[in-house]
*Asks:* 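What follows is a structure written as structure tokens; I'll ask about it next.
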Amino acid sequence: MSAPPTAPQPSLVTPSPVNPAVADHPAMPGKRVRLAVDRPMRLDSGIEIGGFQIAYQTYGTLNADKSNAIFICHALTGDHFVVEKHPVTGKPGWWEMLVGPGKPVDTDRYFIICSNVLGGCLGSTGPKDADPATGRPYGLSFPVVTIGDMVRAQKLLVEHLGIEKLFCVIGGSMGGMQVLQWAVAYPESVFAAVPIATAARHSAQNIAFHEVGRQAIMADPNWRGGNYLLEGTKPEAGLAVARMAAHITYLSEAALHRKFGRNLQDRKAVTYGFDADFQVESYLRYQGAAFVERFDANSYLYITRAMDYFDLAADAGGTLANAFRPGGKTTPVRFCLASFSSDWLFPTSESRAIVHALNAVAANVSFVEIETDKGHDAFLLDEPEFHQVIHGFLEGCAEHRGLSARRAR
Amino acid sequence: MLDIRDDLKLIAEMVEPNSRVLDVGCGDGALLDYLSHAKNVDGRGIELSMDGVRQCVAHGLSVIQGDAEADLKDYPAEAFDYVILGQTLQAMKQPRDVLEMMCRIGRRAIVSVPNFGYWRVRLQLMLTGRMPVTEKLGYQWWETPNIHFCTLRDFVVLTEEMGITIEQTRIIDRAGRVASRAHSGFANLLGEQGVFLLRRNGG
């Protein structure tokens, strides 16, 4: 989620070309599939959708008995371009630190699948796509989707690929929520689960931050009640402010201080005005401006909502442990949880609550809190200890799953 | 085969193959690793130190970072065949509660404790008039994490009070040899540490 702090700093108010359908460009890399064509998929809201598109990408090779597949779940504003140049931003893949040849999630050894979430804006069906009933963009008539719905769609994709049981499901933040959902909804289809920097429910504080972001978008006059695509506008200012607020939550106070302190941006003294005097302001404006180039405002509303609604314990009758006791038996899934000491968005206590619930059913679980001052974003960054843990956990699981050692290259 | 500390070896001997084991304060995972390879146990661990946990998980062991005194209560009764506590009972705030929880969540508990009644300890205290510092208990009084020392006799008395049966006893001398297979006043003098296989009465 981070970008170079010293990159050129465009101002928020600079208009950029309206580019509503960036993701549907025919030259977009990756794969697409239409799912639930014959039988519509029922959403948690009760609405049924059929024939929706899921954009996904795969890396590595599926072995003969289809036992080496790892499903990666992306975070709120992530996508399926895990280890390749992003088609819109041109930046490296978002998890190249962890995934790749010889990396902990080894593409020489495992078959990696990642799909853009349902409701997303990078190829999977979402609010910016045309409603087949009207031929016009859904906007707010798109049904509200949940983490459960996203995972339902992922399960259909995995079935479409002919895979009965995933070796592992892994993801951080909202991706971690999907990992938990996978393990709870399809315990027999997941051998190992790695929920990182996440929680079994979205906290009041996190819902509050999301609401600030959504209100910023909806307060932008260019949002037009969600119909900006039809009306040829784009709520860039609102979406950028939403991103700026969210971005602060991904960092720690220490990380912000180390990066910027109170340093001034290209000037010797404060200007006694409301220009971006401070580097930190300039950085946030840059983050906001860069984000609107690659993300759809309505998608942001829908996906943040999905996170807000997530509450595994509530779905299991109020006791989280029950979620991990399908049919009265301890979940067969092997878990490895990781949290980061300076993450205040998904603090260690949230991971620990999941560990306690897993212990209460005597499930197979590992848990590590990684010492770092990089905040929530740490799961995307160079954290060697974190990477060692993931590597070791997957190695141990591979041994139990009977996967052969890493192929010689 | 893998080489492990003498007291860990004695603990491992008490564990039946193919059982479910929880190692409380598993350190770098040496015992768990040994048990999973030598006895094919389904092993789990709890460890307080981040470094220890990271080493364990990086070696493919299922270990959580946590505090035994806070985290043991989560587990259901008889979740494991054995709950092991090696050389850390004396560092617990509430050793009795920990023993209680171990005997609840495990069908058996295995505990090793350093013996404060060991003759060298007694002699040091008597001759120098200062808190004993030995090879195995190498801390000054003001820095030691060991806040609840006991003699082997103290330990046996506590198990009796708690209604816990000692099924096996190994008293180890300074060289790591088994000095006795039963508790006695003599063993309490000669043993530097004791390893006990415990079971709740009526369990």
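Quick note on labels: first sequence line is chain A, next is B, and so on, each numbered from 1. As the structure is a computational prediction, the values presented were derived from the model and not from experiment.
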*Asks:* Tell me the closest heavy-atom pair linking B:Met50 and A:Val368, and the distance in Å.
*Replies:*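 Taking every non-hydrogen atom into account, SD-CG1, 4.4 Å.
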
*Asks:* Looking only at heavy atoms, which two atoms of B:Ala79 and A:Ala362 are closest? And how far apart?
*Replies:*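 Residues B:Ala79 and A:Ala362, closest heavy atoms: CB-CB, 3.7 Å.
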
*Asks:* Among A:Val361, A:Val355, A:Leu394, A:Val365, which residue has the highest count of heavy-atom pairs closer than 4.5 Å to chain B?
*Replies:*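 Looking at each of A:Val361, A:Val355, A:Leu394, A:Val365 in turn, A:Val365 comes out on top.
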
*Asks:* Extract the chain B to chain A donor-acceptor pairs under 3.5 Å, no hydrogen or angle test applied.
*Replies:*
from    : atom 1 : to       : atom 2 : distance (Å)
B:Arg44 : NH1    : A:Ala362 : O      : 3.3
B:Arg44 : NH1    : A:Ala363 : O      : 2.9
B:Arg54 : NH1    : A:Glu385 : OE1    : 3.2
B:Arg54 : NH1    : A:Glu385 : OE2    : 3.1
B:Arg54 : NH2    : A:Glu385 : OE2    : 3.3
B:Val57 : O      : A:Phe393 : N      : 3.4
B:Leu61 : O      : A:Ser366 : OG     : 3.3
B:Ser62 : OG     : A:Asn364 : OD1    : 2.5
B:Val63 : N      : A:Ser366 : OG     : 3.1
B:Val63 : O      : A:Phe367 : N      : 2.9
B:Gln65 : N      : A:Phe367 : O      : 2.9
B:Gln65 : O      : A:Arg352 : NH1    : 2.9
B:Gln65 : OE1    : A:Arg352 : NH2    : 3.0
B:Asp71 : OD1    : A:His356 : NE2    : 3.0
B:Tyr75 : OH     : A:Asn359 : OD1    : 3.2
B:Tyr75 : OH     : A:Asn359 : ND2    : 3.4

*Asks:* Just to verify, what does B:Thr144 make a side chain to side chain contact (heavy atoms under 4.5 Å, CB included) with, not counting sequence neighbours?
*Replies:*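 Once residues adjacent in sequence are excluded, the partners of B:Thr144 under the side chain to side chain contact (heavy atoms under 4.5 Å, CB included) criterion are B:Tyr139, B:Asn146.
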
*Asks:* Measure distances from A:Cys336 to the heavy atoms of chain B and classify the residue's part below 4.5 Å as side chain, backbone, both or neither.
*Replies:*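 Side chain of A:Cys336 only, per the 4.5 Å heavy-atom cut-off to chain B.
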
*Asks:* Can you list the residues that meet the side-chain hydrogen bond (donor to acceptor under 3.5 Å, both in side chains) rule with B:Arg5, with sequence neighbours excluded?
*Replies:*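 Residues passing side-chain hydrogen bond (donor to acceptor under 3.5 Å, both in side chains) with B:Arg5: B:Asp7.
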
*Asks:* If you count heavy-atom pairs under 4.5 Å with chain B, which of A:Val389, A:Ile390, A:Leu337 comes out on top?
*Replies:*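 The residue among A:Val389, A:Ile390, A:Leu337 with the greatest pair count is A:Val389.
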
*Asks:* Pull out the residues in residues 183-195 of chain B that come under 4.5 Å of chain A, heavy atom to heavy atom, sorted by number.
*Replies:*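 Near chain A, by residue number: none.
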
*Asks:* Please look at B:Leu61 and chain A and tell me whether the side chain, the backbone, both or neither of the residue comes under 4.5 angstrom of a heavy atom of that chain.
*Replies:*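 It is the backbone, since no side chain atom gets that close.
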
